[in-house]
Amino acid sequence: MARRLLILGSTGSIGTQALDIVARDPELELVGLSAERSADALIEQARSFGVDRIALADADAGARAAEAWTDGEVLSGAEGLVRLVVESDADLVLNALVGSAGLGPTVAALGEGIDLALANKESLVVGGELVMALAEGTGAQILPVDSEHSALHQLIAGEGAGGTASIDKLVLTASGGPFRGRSRAELADVSIQDALAHPTWDMGGKITIDSATLMNKGLEVIEAHHLFGIGYDRIDVVVHPQSIVHSMITLCDGAALAHLGYPDMRVPISYALHHPDRVDVPVRALDLTEVGALTFEPVDHEAFPALGLARAAAIAGGTGPCVLNAANEIAVHAFLGERLSFLGIAAVIEGTLERLPAAPVRAFESLYEADREARTIATELVEAWSQRLLH
Ligand code: MG
């Protein structure tokens, strides 16, 4: 039976790769698409996939799209995205939005009991407890699209009804990004182009910078904690430059299971869109003799303090991860705008966490407020840093 699919963030890296999966599978019926502000690209996608409802998060882009495209309905703004979700009658929503802007649509989908293919890790970083409780309450499933979590989802499923009881540790692999092996001093003057040159994965700008700082892995530790209900002391990170092992679980009897494959996001996207089935994806079968060697090394926490900051914020709990994420979004944006140095990213996050200690979270409103406050403080810190030209 056809599965009705809504894609949020369809013009981004995950979104376009998801459309490649959809184009190969007549059983996936697209019922809506959204983008931040790429109106022309979104309209083009809607035409080629026969979609009659689109949404643009940016209101001005939405107004432009409504003039340019009269074959269907154009929604706009944050409310437009939520309406697209709630009124879509979708069986599955792929949330491929960037940043904490993804939280609202995640809540809308799960609240409606719609299964969620989640590429927006910030939804769980910011609102983990509330989001998981909401999914449990409505019975909606969350299927991770992040490659490490997709791997873990498959490995844990292999443990059967026992679930995580036999699992000793989750081990997330990290490529180490473009700056692996460099010392802190060697990171002082790196450029945006250097940071955007990821060695193994082809991804969007924000996540590529997060991979360069290792904040991406910090966010993923938090994501794994919520998705699989495993304590932070049982989630490890290991650097694995080849990105062939996508993650591993170690078990109570001394066995360890790993998930392997060439790095191609269409694999985890297809898994999430077809679960519990598997379908063909045009990716080569893994040839270990071609790969030759798989290597592993520990994280250099002095050169890459972001992972430690994320872990500390996660353990502090409450609004901690929300503040961490908001400060990171502001800092990465400033780095991409050449208003902050690479080392300044972690410094701004650390400063924001110091000025906004973790507070308990009772409702989504406290998260939205912490997000706003953290953005204001992080923006001030970016300003202070660029004025002093500190590294
Ligand atoms: Mg990942």
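Values reported hereafter were calculated over all heavy atoms of this structure, with side chains retained and with hydrogens, waters and symmetry mates removed. Whatever order the structure lists them in is the order used to number ligands and atoms, beginning at 1.
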Modelled atom types, side-chain donor and acceptor of T164 and E159, under 3.5 Å = no
Check: S10/Q45 side-chain N/O donor and acceptor closer than 3.5 Å =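 Result is yes, a qualifying pair exists.
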Please, which pairs that meet ring pair (Phe, Tyr, Trp, His ring centres under 6.0 Å) have at least one residue in residues 228-249, sequence neighbours excluded?
->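 Sorted pair list: W201-H246, H225-Y232, H240-F296, H246-H259.
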Within the side chain of T70, is there an N or O that forms a donor-acceptor pair under 3.5 Å with the backbone of A66?
-> no
Out of L6, I7, D52, which one pairs with L30 under the side-chain contact (heavy atoms from CB on, under 4.5 Å) rule?
->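 When L6, I7, D52 are each tested with L30, the side-chain contact (heavy atoms from CB on, under 4.5 Å) holds only for I7.
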Protein-side N, O or S atoms sitting under 2.8 Å from the Mg ion (ligand 1) are D146 OD1, E148 OE1, E220 OE2
Residues E380, R355; criterion salt bridge (Lys or Arg N to Asp or Glu O under 4.0 Å); working and verdict | CA-CA 12 Å; E380 287 168 17; R355 285 175 56 181; 3.1 Å; yes
